Chemist: 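Handing you a structure now.
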Amino acid sequence: MRAVARANCSRTAGNSYRAIREKSAADWLAWEDAVISNEPNGVPGMYSDREVDAQIACVRIRAHFFSNGAWLDEDQLLRNAHKPDGIQAVLIHGRHDMGSPVQTAWELAKAWPDARLHIIEDSVHAGRDAMQDTVRTAIEEFKNR
């Protein structure tokens with residue numbers, strides 16, 4: 001993933017030809033749209049239905065983030081998940097999220113002593129009503145402590 005992101009980062013951020021930056025961003029967002037469209041409640045054009053400058057900015061940010069591995073060492077989150085011992089968390093994840101597999105969320109919840117994982121069956125990455133309801137419930141639980 002890092003190699004693909006680095007290549008795309010170069011094409012979107014480093015290329016002096018606007019047409020190439022636009023095409024690179026459109027290709028990246030077409031892939032993201034395809035992934036999101038597999039969600040039971042997927043919305044066509046969720047990412048690509050933006051102004052061209054917003055598309056380029058979106059892809060530049062994502063490519064930079066991915067190409068740098070989120071500025072974390074491999075497995076750093078899992079290795080250090082025990083450190084926030086006593087800090088409660090609610091992890092909410094879509095079952096069909098292809099960009100961030102549910103196994104990753106499950107492994108983090110397993111490693112973090114005070115984390116609870118909610119897997120939303122009808123959702124991918126973007127989330128829908130059930131995910132939003134779960135987020136609201138979690139916020140209310142934390143607010144009322």
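Bear in mind that the values here come from a model prediction, so they are computed numbers and not experimental data.
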Chemist: Quick check with a 6.0 Å cut-off and a 45 degree axis cone: is Arg60 positioned over the face of Phe65's six-membered ring?
Modeler: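 Geometry flag: not set, cation outside 6.0 Å or 45°.
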Chemist: Atom CG of residue position Asn80 - does it have more than 12 heavy atoms of other residues, nucleotides or ligands inside 6.0 Å?
Modeler: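 Yes, CG of Asn80 has more than 12 neighbouring heavy atoms, counting only those of other groups under 6.0 Å.
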Chemist: By salt bridge (Lys or Arg N to Asp or Glu O under 4.0 Å), which residues pair with Glu107, not counting sequence neighbours?
Modeler: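 Counting only residues at least two positions away or on another chain, Glu107 forms no salt bridge (Lys or Arg N to Asp or Glu O under 4.0 Å).
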Chemist: Would you say Met131 and Val102 are hydrophobically clustered, going by side-chain heavy atoms of ILVMFWY under 4.5 Å?
Modeler: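 Different clusters.
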Chemist: Consider only side-chain heavy atoms of I, L, V, M, F, W and Y, link residues closer than 4.5 Å, and tell whether Leu91 and Leu77 are in one cluster.
Modeler: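 Cluster IDs for Leu91 and Leu77 differ.
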Chemist: Can you check whether Ile120's main-chain N or O pairs, donor with acceptor, with Ser123's side chain at less than 3.5 Å?
Modeler: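 Pair absent, no side-chain N/O of Ser123 close to backbone of Ile120.
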Chemist: In this structure, would Ile139 and Val90 fall into the same cluster of hydrophobic residues linked by side-chain contacts under 4.5 Å?
Modeler: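 Yes, Ile139 and Val90 fall within the same hydrophobic cluster.
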Chemist: Please check: side-chain N/O of Asp97 versus main-chain N/O of Ser100, any donor-acceptor pairing under 3.5 Å?
Modeler: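 Pair found, side chain donor or acceptor close to backbone of Ser100.
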Chemist: Which heavy atom of His64 sits nearest a heavy atom of Asn68, and at what distance?
Modeler: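 Heavy atoms only, the tightest pair is O-ND2, 2.8 Å.
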Chemist: Under the 3.5 angstrom rule, does the side chain of Ser24 hit a backbone N or O of Ile20 as a donor-acceptor pair?
Modeler: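 A pair under 3.5 Å: no.
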Chemist: Run the side-chain donor-acceptor check on residues 108-117: report pairs under 3.5 Å with partners two or more places apart or on a different chain.
Modeler:
{"from": "Trp112", "atom 1": "NE1", "to": "Ile87", "atom 2": "O", "distance (Å)": "3.1"}
{"from": "Asp114", "atom 1": "OD2", "to": "Gly86", "atom 2": "N", "distance (Å)": "2.6"}
{"from": "Arg116", "atom 1": "NH2", "to": "Glu141", "atom 2": "OE1", "distance (Å)": "2.6"}

Chemist: Counting N and O atoms only, with roles assigned by atom type, does the side chain of Gln55 sit under 3.5 Å from a partner on the main chain of Ala25, one being a donor and the other an acceptor?
Modeler: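 No, because the side chain of Gln55 does not come within donor-acceptor range (under 3.5 Å) of the backbone of Ala25.
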Chemist: Could you give me the CA-CA distance, side-chain angles and deciding distance for Asp129 and Arg136, then say whether salt bridge (charged side-chain N to carboxylate O under 4.0 Å, His left out) is met?
Modeler: CA-CA 10 Å; Asp129 293 343; Arg136 281 189 207 96; over 6 Å; no
Chemist: A quick test of your reading: do over 12 heavy atoms of other residues, nucleotides or ligands sit less than 6.0 Å from CD of Glu140?
Modeler: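 Result for CD/Glu140: enclosed.
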Chemist: Quick check: closest heavy atoms across Glu22 and Val52, and the distance to 0.1 Å?
Modeler: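 For Glu22 and Val52, the tightest heavy-atom pair comes out as CG-CG1, 3.4 Å.
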